[in-house]
2 protein chains.
Amino acid sequence: MFSKACEYGIKATIYIAVKSMRQERVSLKEIAEEVDSPVAFTAKILQSLAKNGIIDSHKGPTGGFQIEETKIDTIKLHDIVHAIDGDKIFSGCGLGLEQCDARQPCPVHDKFVGIRDNLKIMLQNTSLYELATGLEIGLTHLKR
Amino acid sequence: MFSKACEYGIKATIYIAVKSMRQERVSLKEIAEEVDSPVAFTAKILQSLAKNGIIDSHKGPTGGFQIEETKIDTIKLHDIVHAIDGDKIFSGCGLGLEQCDARQPCPVHDKFVGIRDNLKIMLQNTSLYELATGLEIGLTHLKR
DNA sequence: TTTATTTAGGATAAATTTGTCCGAAATAAG
DNA sequence: CTTATTTCGGACAAATTTATCCTAAATAAA
Ligand code: FES
Ligand code: FES
């Protein structure tokens, strides 16, 4: 469904959000540990999330990653997925036709667009805040 | 969403079904042309679909692929996807945890399982027959 | 200013998926 | 039986995704 990069990116962002709600910055190393992801690969993903304005990064001692507290509520899962995996998942054809077009649909078009739209709506309606809260109160987990 | 192999496999199976409804066998070459897929790669996929009992293959002149007509109605999209991509897409965790477990859910679990189940239900309810019919009457298309 | 720490970013490597090539096996028809 | 045709299946190659390594740049603190 999502790429590995996207999976790591979502988990990392949620973890950063939890820390940011306590006004704490968190290092790449700690993120990778808590999220159970390869350090250097995670670095690339965070870099791209920073460029997309989803997270902030600071170099140097006491540096690390954080998210503006006011943003935590407005950032949606959709923003993270879109930043990493692009929008092929939201608008691409289920059978790989160059573009999904209802006027020249592939055989699964009618059945597929419903699922695809549900996914999009779900991601657009899911805030980073609720995901971070669920993690903080111990309801959810980032690794097994 | 689906792998390239799965996309090709679905399109190929639908095309074979259309021909089979006219009691015609169809060659690999023709399939790859009509489905716009690489010939040799398509061969592998068809081989695996044949092993899974979804399609029949015959060697030699006048050989090719076909589907038992009585099966066309009972084969579901789910069977094709499952044969090629396995069931990770139906039961795997949205964030890549080793297994999806409601008793130790990842942050997106509650939101994700609904989408995943919808997809599964859709695939289970979609018969090869209706996909083939849509193609035959010119309502849908396998390439652009 | 020097040093230690942390992210940035380019180069490279490993793993997986996608795709190709070619000879073997089956089989229909002359 | 011989030949032509078609799928089977193993080996190989290319492309993409995932992952690592190393140096540079920024920056906080001594
Ligand atoms: S054309 Fe294939 S999903 Fe719309
Ligand atoms: S645990 Fe992640 S989707 Fe169920």
Side-chain angles (χ1 to χ4, degrees), chain A residues 1-13 15-16 19-20 24-33 35-67 81 83-86 88-89 92 95-96, chain B residues 1-13 15-16 19-20 24-33 35-67 81 83-86 88-89 92 95-96:
Chain A
M1 182 75 80
F2 304 125
S3 68
K4 232 46 179 142
C6 196
E7 290 176 0
Y8 297 151
I10 293 171
K11 293 197 280 186
T13 306
Y15 184 72
I16 298 169
K19 291 291 190 164
S20 296
E24 286 177 33
R25 243 178 232 165
V26 58
S27 73
L28 166 64
K29 193 181 155 199
E30 181 181 337
I31 294 168
E33 267 163 16
V35 155
D36 196 25
S37 61
V39 180
F41 190 38
T42 306
K44 304 287 188 198
I45 299 160
L46 294 178
Q47 222 173 114
S48 128
L49 287 171
K51 278 184 182 159
N52 277 275
I54 293 172
I55 64 179
D56 296 322
S57 71
H58 282 83
K59 293 180 182 174
T62 79
F65 298 89
Q66 70 185 139
I67 303 176
V81 172
I84 300 173
D85 278 353
K88 196 177 155 197
I89 190 173
L95 294 187
Chain B
M1 181 75 80
F2 305 125
S3 68
K4 234 42 180 145
C6 196
E7 290 175 1
Y8 296 150
I10 293 170
K11 292 198 280 186
T13 305
Y15 185 72
I16 298 169
K19 291 291 190 164
S20 296
E24 284 178 35
R25 242 179 233 165
V26 59
S27 73
L28 167 63
K29 193 181 155 199
E30 180 179 339
I31 294 168
E33 266 164 16
V35 155
D36 196 25
S37 60
V39 181
F41 190 38
T42 306
K44 305 285 189 197
I45 298 160
L46 294 178
Q47 224 173 110
S48 128
L49 287 171
K51 279 185 182 160
N52 277 274
I54 293 173
I55 65 179
D56 296 322
S57 71
H58 282 83
K59 293 179 182 175
T62 79
F65 298 89
Q66 70 186 138
I67 303 175
V81 172
I84 299 173
D85 279 354
K88 196 178 154 196
I89 189 171
L95 295 187

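These numbers come from a predicted model, not from an experiment. Labels below follow one simple rule: chain letters A, B, ... track the order of the sequence lines, proteins then strands, and each chain is numbered from 1.
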Pairwise side-chain contact, [X] with [Y], heavy-atom cut-off 4.5 Å (strictly under):
X: Ile67(B); Y: Ile54(B); value: no
X: His58(B); Y: Arg25(B); value: yes
X: Leu49(B); Y: Ile84(B); value: yes
X: Ile89(B); Y: Phe2(B); value: yes
X: Met1(B); Y: Glu7(B); value: no
X: Ile31(A); Y: Phe65(A); value: yes

Protein-nucleotide distance ([X], atom [atom1]; [N], atom [atom2]), rounded to Å:
X: Leu28(B); N: dA26(C); atom1: CG; atom2: C1'; result: 16 Å
X: Leu46(A); N: dT6(C); atom1: CG; atom2: C1'; result: 13 Å
X: Glu30(A); N: dT7(C); atom1: CD; atom2: P; result: 10 Å
X: Gln47(B); N: dG19(C); atom1: CD; atom2: P; result: 17 Å
X: His58(B); N: dT27(C); atom1: NE2; atom2: P; result: 8 Å
X: Lys59(B); N: dA28(C); atom1: NZ; atom2: P; result: 12 Å
X: Glu7(B); N: dT18(C); atom1: CD; atom2: P; result: 9 Å

Which sits closer to the 5' end of DNA chain D, Cys6(A) or Thr62(A), going by the nucleotide each is nearest to?
Cys6(A)

Give a yes or no on whether the backbone of Val81(B) and the side-chain of Asp85(B) come within a donor-acceptor separation of less than 3.5 Å.
no

Would you mind telling me which of dT18(C), dT20(C), dA28(C) lies closest to the side-chain atoms of Ser3(B)?
dT18(C)

Counting side-chain heavy atoms from C-beta on, which of dG19(C), dT20(C), dG9(C) comes nearest to Lys44(A)?
dG9(C)

Could you check Thr42(A) against Val35(A) for side chain to side chain contact (heavy atoms under 4.5 Å, CB included), going step by step and ending with a plain yes or no?
CA-CA 9 Å; Thr42(A) 306; Val35(A) 155; 5.8 Å; no

Under 4.0 Å between a side-chain N or O of Tyr8(B) and OP1 or OP2 of dT18(C)?
no

Sugar-phosphate only, base, or nothing, as touched by Lys29(B) at under 4.0 Å among non-hydrogen atoms
nothing

Taking heavy atoms of chain B and a 4.0 Å limit, find me the 5'-most and 3'-most nucleotide of DNA chain D within that range.
dA4(D) to dA11(D)

For Arg25(B) and Phe41(B), take the nucleotide of DNA chain C holding the closest heavy atom to each; which residue's nucleotide lies nearer the 5' end?
Phe41(B)

What are the two closest heavy atoms between Ala83(A) and Ser48(A), and how far apart are they?
O-OG, 4.3 Å

Neighbours of DNA chain C within residues 49-56 of chain B, by heavy-atom distance under 4.0 Å
none

